[in-house]
Amino acid sequence: GLTYETHVGRTIRDWITRGEIIGTLYEGQWFYFEDNNGYGYCQTDILLETNSFIFILECKLTYTSWAWQQLRRLYKPVVERTFNKPSITIQVCKNIHYIPGGMIESLAQVMDNPKDGLLTWHFLGR
């Protein structure tokens, strides 16, 4: 999983360097927070900050529905509070056994037409 996550991050970094997308990339960002359970820590896979949004990318070798709880209930509120911007959550997968709702074809597609929900990006490579 970490190799795939690194590959996704490297690809996005290359797109930023070439000017294909505009934003700031954060990989493996740690957060300290307080909620109803007390103090805690969490680490996101990849964040892409644009002028208007924070894209939260959770990288998985194989699509899994349980990733949404972590994305929506933990990362989304922590990231939005930290950056003071709305976020868009995307599960990035190499392997998909069925086509879930909310499939996107590319990151650029969502950047050009922002929408939130249970978005899934089937990313195989460049």
Side-chain angles (χ1 to χ4, degrees):
L2 288 177
T3 301
Y4 179 66
E5 180 181 324
T6 300
H7 175 66
V8 173
R10 185 180 309 121
T11 301
I12 294 171
R13 194 175 326 107
D14 289 348
W15 292 341
I16 291 170
T17 301
R18 293 195 306 258
E20 295 175 26
I21 59 174
I22 297 171
T24 303
L25 184 67
Y26 302 91
E27 298 176 81
Q29 182 66 52
W30 281 97
F31 295 92
Y32 178 68
F33 63 92
E34 181 181 8
D35 63 10
N36 294 338
N37 297 315
Y39 295 99
Y41 294 91
C42 65
Q43 182 183 31
T44 54
D45 288 349
I46 297 172
L47 301 175
L48 177 62
E49 180 182 15
T50 67
N51 287 336
S52 304
F53 295 94
I54 300 290
F55 292 87
I56 306 170
L57 307 177
E58 177 70 11
C59 300
K60 298 290 184 195
L61 280 177
T62 302
Y63 173 87
T64 177
S65 60
W66 58 263
W68 295 116
Q69 182 172 344
Q70 185 177 41
L71 275 164
R72 306 294 289 185
R73 293 187 180 172
L74 177 59
Y75 296 158
K76 185 175 182 67
V78 168
V79 168
E80 286 181 346
R81 176 168 272 193
T82 301
F83 286 89
N84 198 28
K85 290 182 182 181
S87 67
I88 296 175
T89 57
I90 302 172
Q91 184 176 172
V92 184
C93 307
K94 184 174 185 177
N95 305 304
I96 295 181
H97 298 297
Y98 66 94
I99 305 299
M103 283 292 292
I104 61 170
E105 294 180 17
S106 69
L107 184 57
Q109 170 191 356
V110 182
M111 292 180 81
D112 292 341
N113 185 19
K115 62 181 176 180
D116 198 14
L118 305 179
L119 304 179
T120 302
W121 179 22
H122 186 202
F123 179 76
L124 296 174
R126 298 175 184 262

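- Note that the CD1 atom of Ile88 and the CG atom of Leu107 stand 9.5 Å from one another [nearest 0.5 Å].
- Among pairs with a residue in residues 65-75, those fulfilling side chain to side chain donor-acceptor pair (under 3.5 Å) read Tyr63-Trp68, Thr64-Trp66, Gln70-Tyr75, Arg72-Thr89, Arg72-Asp116, at least two apart in sequence or across chains.
- Contact annotation: the side chain of Gln29 never approaches that of Thr82 to less than 4.5 Å [non-hydrogen atoms, C-beta and beyond].
- Distance check: Ile22 CD1 to Ile16 CD1 gives 10.0 Å after rounding to the nearest 0.5 Å.
- Between atom CG of residue Leu124 and atom NE2 of residue His7 there is a gap of 8.5 Å, rounded to the nearest 0.5 Å.
- Linking Ile, Leu, Val, Met, Phe, Trp and Tyr residues whenever their side-chain heavy atoms come within less than 4.5 Å places Ile54 and Phe33 in a single cluster.
- Note on residues 40-56: pairs passing side chain to side chain donor-acceptor pair (under 3.5 Å), not counting sequence neighbours, are Tyr26-Glu49, Glu49-Lys85.
- Thr11 contributes atom OG1, which lies 10.5 Å from atom CD of Glu20 (distance to the nearest 0.5 angstrom).
- Follow the hydrophobic side-chain contacts under 4.5 Å out from Ile90 and you reach Val8 in the same cluster.
- Nearest heavy atom pair, residue Glu27 against residue Arg10, reads OE1-N, 4.4 Å.
- No chain of hydrophobic side-chain contacts below 4.5 Å, direct or via other Ile, Leu, Val, Met, Phe, Trp or Tyr residues, connects Leu57 to Val78.
- Relative ring orientation between Tyr32 and Tyr39 is described as parallel, the plane-to-plane angle staying below 30° on a 0-90° scale split at 30° and 60°.
- In terms of heavy-atom proximity, Ala67 sits nearest to Glu58 at CB-CG, 4.5 Å.
- Atoms OG1 and NE2, from Thr62 and His97 in turn, are 4.5 Å apart once rounded to the nearest 0.5 Å.
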message = Walk me through whether Gln109 and Trp121 qualify under side chain to side chain contact (heavy atoms under 4.5 Å, CB included).
response = CA-CA 10 Å; Gln109 170 191 356; Trp121 179 22; over 6 Å; no
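- Taking each heavy atom of Leu74 and Cys42 in turn, the nearest pair found is CD2-CB, 3.8 Å.
- Closest of all the heavy-atom pairs between Ile46 and Glu5 is CD1-O, 3.8 Å.
- There is no path of hydrophobic side-chain contacts, each under 4.5 Å, that joins Leu47 to Tyr4.
- Counting non-hydrogen atoms of neighbouring residues, nucleotides and ligands closer than 6.0 angstrom, the CG atom of Leu61 exceeds 12 such neighbours.
- Between Thr120 and Cys93, the shortest heavy-atom contact is CG2-SG, 4.1 Å.
- Within the structure, no pair that satisfies the salt bridge (charged side-chain N to carboxylate O under 4.0 Å, His left out) test touches residues 87-114, not counting sequence neighbours.
- Following chains of ILVMFWY side-chain contacts shorter than 4.5 Å, one can reach Phe53 starting from Trp15, so the two form part of one hydrophobic cluster.
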